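Since this is a predicted model, take the numbers as computed values, not measurements. We name chains A, B, ... by the order of the sequence lines, and we start the count at 1 in each one. Values below: all heavy atoms of this structure, side chains included; hydrogens, waters and symmetry mates excluded.
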Amino acid sequence: MIGMLGETGWSWQLDGWIVLVAILCAVASALLGCFLVLRRMSMLGDAISHAVLPGLAVAFFISHSRSSLPMFIGAVIVGILTAFFTEWIHRVGRVDKGASMGVVFTSLFALGLVMIVQAADKVDLDAGCVLYGSIELTPLDTMSLLGFEIPRAVITLGIVTVINLAFVLFFYKELKLSSFDPSLATTLGFNASLMHYLLMILVAVTAVASFESVGSVLVVAMFVVPPAAAYLLTNQLGMMLLLSVLLAVSSAFLGHLGAIHVPSWFGFQSTTTSGMMAVAAGAIFLITMLCSPSQGVLVKLIRRQALSLQIIADDVVAVLFRREETEGEEPKSASVTENELIEIIFCGRWSLRLVLRWLDRRDEIRMHDNRVELTEKGRLRAQNLVRSHRLWERYLQDYAGVDPSRVHPQAEKLEHFTDPRLRQQLNSETDAPQIDPHGRPIPDEPDFDSNID
Amino acid sequence: MATPETETASTSPLSIYDLTVAYHRKPVIWDVEFDIPAGSLVGVVGPNGAGKSTLLKAAMDLIPRASGRVSVFGKTYRQNRHRVGYVPQREGVDWDFPVNALDVVTMGLYGKIGWCSPVRPSHRRAAMEALSRVGIAELAKRQISQLSGGQQQRTFLARALVQDADLYLMDEPFAAVDAATEKAVVEILRDMKDDGKTSVVIHHDLQTVPDYFDYVILLNMRVVAHGPVADVFTPENLNKTYGGRLTLLDEVSNAMRRRDRSL
Amino acid sequence: MIVWPLICRFLLLLKWAGCTIVGCGFALAESGLAAASSGLQAADSGLFNAGQLPVVLKILPLAQSESITDRRISLPSWEQWQRVLLMQDYNTRVVILGTAMLGCAAGVVGCFTLLRKRALMGDALSHATLPGIALAFMTANAMGWQERSLPWLLLGATASGLVGVAAILAIRRLTHLKEDTALGIVLSVFFGCGIAMMGVIQQMQTGHAAGLESFILGKTASMGASDAKLIAAAALIATVVCVLLFKELKLLCFDEGFAGSQGFNVLSLDLVLMATVVLISIVGLQAVGLILMIALLIVPAAAARFWTEKMWEMLLIAAVLGLISGIVGAVASALFPRLPSGAMIVLTCAAFFIISMVFGTGSGVLVRTVRRLRLNRKVVRRHLLRAVFEALESQPNKTTPKGETKPKRTVSFNQILPMRSWSKPQLQRAAELAAREELITQVGEKLRFTRRGRLEAERLTREHRLWELYLITHADIAPSRVDREADRIEHVLEPDVVAELEEMLINTRQLVPESPHLIQANPSSANQNVADAGSGDAGSGDIDREASP
């Protein structure tokens, strides 16, 4: 991997710092982002990064300097005010939270714009550079610490990351409780709104510290996207925090790689790193959304398909078994053709072929010249199924009071989900009957251990 | 009624005096007053819109009141908040939240654990005990949205149990739960009563009132009657609370006859 | 105050141009004049490009120290006022009309997104258009077309905006993530993608990326006739869609599930709504810029919500607020060249919002507070009057030295203090309030009704008892009908029901205090919960009652 990096002109001196800055920003944002997502305030990062404008302007008016500390303080104060005003308008004016956020940040932004115009009317804009974020330039702006030349952004973001980490670790319990059930939190003596504003302060600090060095796109994306992806992967809060940090780190890394490589496919040089990091986070989210083990769209789809195939397989062996029953003395000879099966089971030809091949490979059926026969192993599986089916019919009619005309379709559904234990229970609850309501014998429980479910 | 500072008022787990809640829009309750004897199991019943939830919320300062005084063990609610456990209606919760049943129950202990200190195994054990007390210990690790309605209700109840409050206010714990859960919840309520806890439970099913509760408050915008079930839960009072829904009343009187026989 | 002449002028224009705002816009736009370049444009071009925040961090160090101290805003001369207000300048006219139409249409569309609880949808969508614009630019460049061909870029923006909508809806439907998270994901990822593409565009030899940026970030002051035309068309389409689908969209906003059960396709309705948002945002984006467009979509609608509970009125008010903000903002920036027009539009909106939030007649803070206080005061007054009345009712009659019996007229504080949960100062305050209304006179710690007060107390007590009785007799339906805050019980209940209740009260030997000549009352009944009235054992049958009209 590292060798591969070297090939592509990766320089640790430059790219290493860039990725480190991005990772720090991503981790700091993702940690808080989990709680923003859970509190339904995902848009706050975006709002704050737009709204701090008047803070910068006022700081500039007061200090008359370009140094970053007053600006930082001004921006953070306005960031906190944004959260505060949003909450206030939401509560006092009973305006929907999203709308109150929209009102606050656009108004503050406009206010800031007007103030800035008063401060500097001959402005030469370099909009492009700033929009994209200047993360590529961070390694150039260094300061020395303990004799090392370290980029300033690494130090600020490092401090912010440590603070956020400490906050989440120390107040994990309180954050969890106040996000889940604020009124219980208050009852138990934890001030829910105090937690809320602490979180908001840190969000503002993180947003301001990050976009000063890496542009607002990255921080807004990292507040939302990795936590959302993590939320799809787990249902444990601790795990969610951990995963979102991991995903944030990997999207920072992949984003930078992508920024270097992807444009070269089209004959261009590298592109904006922070933009690509957001894209990488988005790609990771998309993959998660499709493939998450519990929530994934694809996974759900495949699972549903697999289930329907399994049901077809069950039906195939059951059809054969029933035919062996009815075709008298030499039962072992019953067989059906593919076309017959399609008519009986109502399934597609392709799914049937797939199922038949699968059953054949599992040695449950034999196929010769287009006709299908049960093997001994397949017969056992079928016996189980038919037994379940008939026990269910018995149970439904005699014990659940289901109308006799409707017991068959219901049993048809239930038989596929009946394991040996449940069958045992059914058997004992129905007093081990020998025939089903339609007068057919209920096969015995096959006594073998290699049960096929 | 004319003596608010009586002894019962100061020691009663929940004493409400002259409570009026006025909204520009409904619902409204007025002139509500009652004291609840300590260690009792109290049912609050009344028709839809009678202000039952409003009553509980006003008692906990969750909504403003136009007049009246609420005292919890002789002090204001704010002073004695730690002695009150509230079991909300199930609708108000984000069930997708990434916590499992055990986490939710453990939350009841956070107040005891205090700021910044972590949850210890002993706390988890206590939460686990509460879960097994409500009969769903095996579901401890399930995410809460994967629990059935009854199991969710039991989880809430377990959380209230570990909270170890002295007074519990429960908003319809029996709404939309299965029969087994209802039975289990009642068992637990009785256990709690035996431990000297007081529970105030909003309840809908009149038939079961005589079986479940020993004290009842009939509410229809104002208190129609309150007192021990045997004295208060009479057809006349029910008539005053619910109006002439005779079939219902017949059912109730049947239920009461059944209970009389069983006594 | 500069608004009114403007509105008049505007209305005249409307009349002249046809009937709709849009028609007017077209009429102007079609008058054939070439695209703009005026003093206005010079005044705030550039500044306007600050559509994104981080820009500022770069601006500040660049600011020259002289300009920091120079914060004068020169007042415009009378001629300038005249020129702007009468819209003599062609360019001023275009800009004002353009922003007005935009504000109007955005207000209407914004109402629906606000009620659908998707106010920030506009935010997400306007960010999501960036990759489309960049892609369109790149393809145009690759094909050797003229890079800045407006329709092509707008097509790209629309396409990627719609993809953004689809992504938001897909995330909502396929996962358990909430609305805000879906918005945040789409916003940041699409915008990041767009920025990455812009990074590539910058390297193109032939690309005029700077021009493209100004296109994205808006250029209100240099809005030309073709822009105004475009805005007019988009505003017309959006407004017509909203009006035609008013009923369906209303249902969608109010109750999605019910709309679905009524056979409306919720998904396609949602898509239609979002498509109008995309449309409006895109034309607005290049006219007023990203943030300001978002503001126009949210703020007028949110402000309108405070004035009314009716959907139609809300749409109208939002449209008017958006329109006025557009005009005021544009005029302000025309008069004071140092004020950027987009920001002025948003600040006007914000001012309207604050005013609406405080003074809104529907659910404004002031109205709600006053309502709440008035209600509380009403309750206290009712309690006081009834307490005094019932205390008088229960008092034994005073026997004068001559042996006559006379009803006692005064009540002391100590008598009524225990009847309710009020403290002495509270009671004192309630008495003072009642005294101010001339219902009660207070001498020391004794209270006494005035004639008016007595009548009022009787009325209140009567209503109270009737309501109580109504609750008992009609317990099943009562909770939905009882309205203690109604002026008179007769306003809520039918006369025959009231009559029946009164009858019942008399029969159960409870008094209906109707007349000022009540002589005797059941001493036990007054202080007891009147709910006992229905049980039939309240009195012992020896109550005299002088019935009089």
Side-chain angles (χ1 to χ4, degrees), chain A residues 37 40 42-43 46 49-50 52-53 56 60 66 92-96 98-99 102-103 106-107 109-111 113-114 116-128 130-132 211-212 215-217 220-221 224-225 228 231-232 263 268-269 271-272 275-276 278-279 282 285 289 295 297, chain C residues 46-47 49-50 52-64 67-68 71 114 117-120 123 174-178 180-181 183-185 187-189 191-193 195-196 198-200 202-203 209 213 217 291-292 294-295 298-299 302 338-340 343 346-347 350 353 357 363 365:
Chain A
V37 166
R40 307 184 185 195
S42 312
M43 298 293 272
D46 177 53
S49 53
H50 285 120
V52 294
L53 200 47
L56 297 172
F60 191 52
R66 304 171 198 169
V92 177
R94 297 193 190 169
V95 178
D96 169 53
V103 170
T106 53
S107 308
F109 182 80
L111 186 69
L113 212 54
V114 172
I116 291 292
V117 170
Q118 302 317 313
D121 55 0
K122 291 179 196 129
V123 181
D124 177 29
L125 265 188
D126 188 7
V130 182
L131 259 185
Y132 312 154
F211 71 60
E212 193 200 8
S216 68
V217 197
V220 173
V224 189
V225 188
Y231 196 4
L232 295 181
F268 295 99
Q269 287 154 14
T271 180
T272 332
M276 276 315 271
V279 176
F285 175 79
M289 190 174 141
Q295 299 271 331
V297 177
Chain C
L47 295 178
N49 287 350
Q52 277 294 319
L53 161 86
V55 175
V56 181
L57 286 160
K58 298 297 155 186
I59 301 171
L60 291 175
L62 287 171
Q64 291 163 11
S67 64
I68 300 170
R71 282 178 224 156
L114 178 79
K117 302 217 184 308
R118 280 190 180 155
L120 288 176
D123 188 3
L174 298 177
T175 70
H176 60 61
L177 295 176
K178 307 289 184 297
D180 63 309
T181 313
L183 292 179
I185 290 169
L187 179 146
S188 54
V189 172
F191 199 63
C193 180
I195 279 178
M198 299 291 271
V200 171
Q202 275 201 322
Q203 299 163 20
E213 273 148 25
L217 298 173
I291 300 298
L292 314 173
I294 298 165
I298 299 176
V299 188
R338 294 184 52 168
L339 299 180
V346 179
L347 286 182
F353 179 83
M357 182 167 151
S363 51
V365 174

Please give me the minimum heavy-atom distance between [X] and [Y], naming the atom from each residue.
X         : Y         : answer
Leu347(C) : Ser107(A) : CD2-O, 3.7 Å
Gly93(A)  : Met357(C) : N-CE, 3.9 Å
Ala278(A) : Gly192(C) : CB-CA, 3.8 Å
Ala196(C) : Gly275(A) : CB-C, 4.2 Å
Val279(A) : Cys193(C) : CG2-CA, 3.3 Å
Ala99(A)  : Leu114(C) : CB-CD1, 3.1 Å

What part of Val220(A) lies closer than 4.5 angstrom to a heavy atom of chain C: side chain, backbone, both or neither?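 For Val220(A), backbone and side chain are both near chain C.
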| query | Given that the side chain runs from C-beta out, which part of Val103(A) has a heavy atom under 4.5 Å from chain C: side chain, backbone, both or neither? | reply |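 Contact with chain C involves both backbone and side-chain atoms of Val103(A).
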Tell me which of these, Val189(C), Asp180(C), Leu120(C), has more heavy-atom pairs under 4.5 Å with chain A than the rest.
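Most heavy-atom pairs under 4.5 Å with chain A: Asp180(C).
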Find the distance between OG1 (Thr175(C)) and CE (Met289(A)) and round it off to the nearest 0.5 Å.
->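 Interatomic distance, Thr175(C) OG1 to Met289(A) CE, rounded to 0.5 Å: 6.0 Å.
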Using heavy-atom distances under 4.5 Å, tell me whether [X] contacts chain A through its side chain, its backbone, both, or neither.
X         : value
Val365(C) : side chain
Lys178(C) : side chain
Leu177(C) : side chain

Counting C-beta onward and ignoring hydrogens, is there a side-chain heavy-atom pair between Asp123(C) and Asp46(A) closer than 4.5 Å?
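Yes, side chains in contact.
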State, yes or no, whether a side-chain contact exists between Ile185(C) and Phe285(A) at a heavy-atom distance under 4.5 Å.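 Yes, at least one pair of side-chain atoms sits under 4.5 Å.
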Q.
Evaluate Ile298(C) against Thr106(A) for side-chain contact (heavy atoms from CB on, under 4.5 Å), listing each step before the verdict.
A. CA-CA 9 Å; Ile298(C) 299 176; Thr106(A) 53; 5.6 Å; no
- Item | Set of side-chain hydrogen bond (donor to acceptor under 3.5 Å, both in side chains) partners for Thr181(C), sequence neighbours left out |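 By the side-chain hydrogen bond (donor to acceptor under 3.5 Å, both in side chains) rule, Thr181(C) matches Ser42(A).
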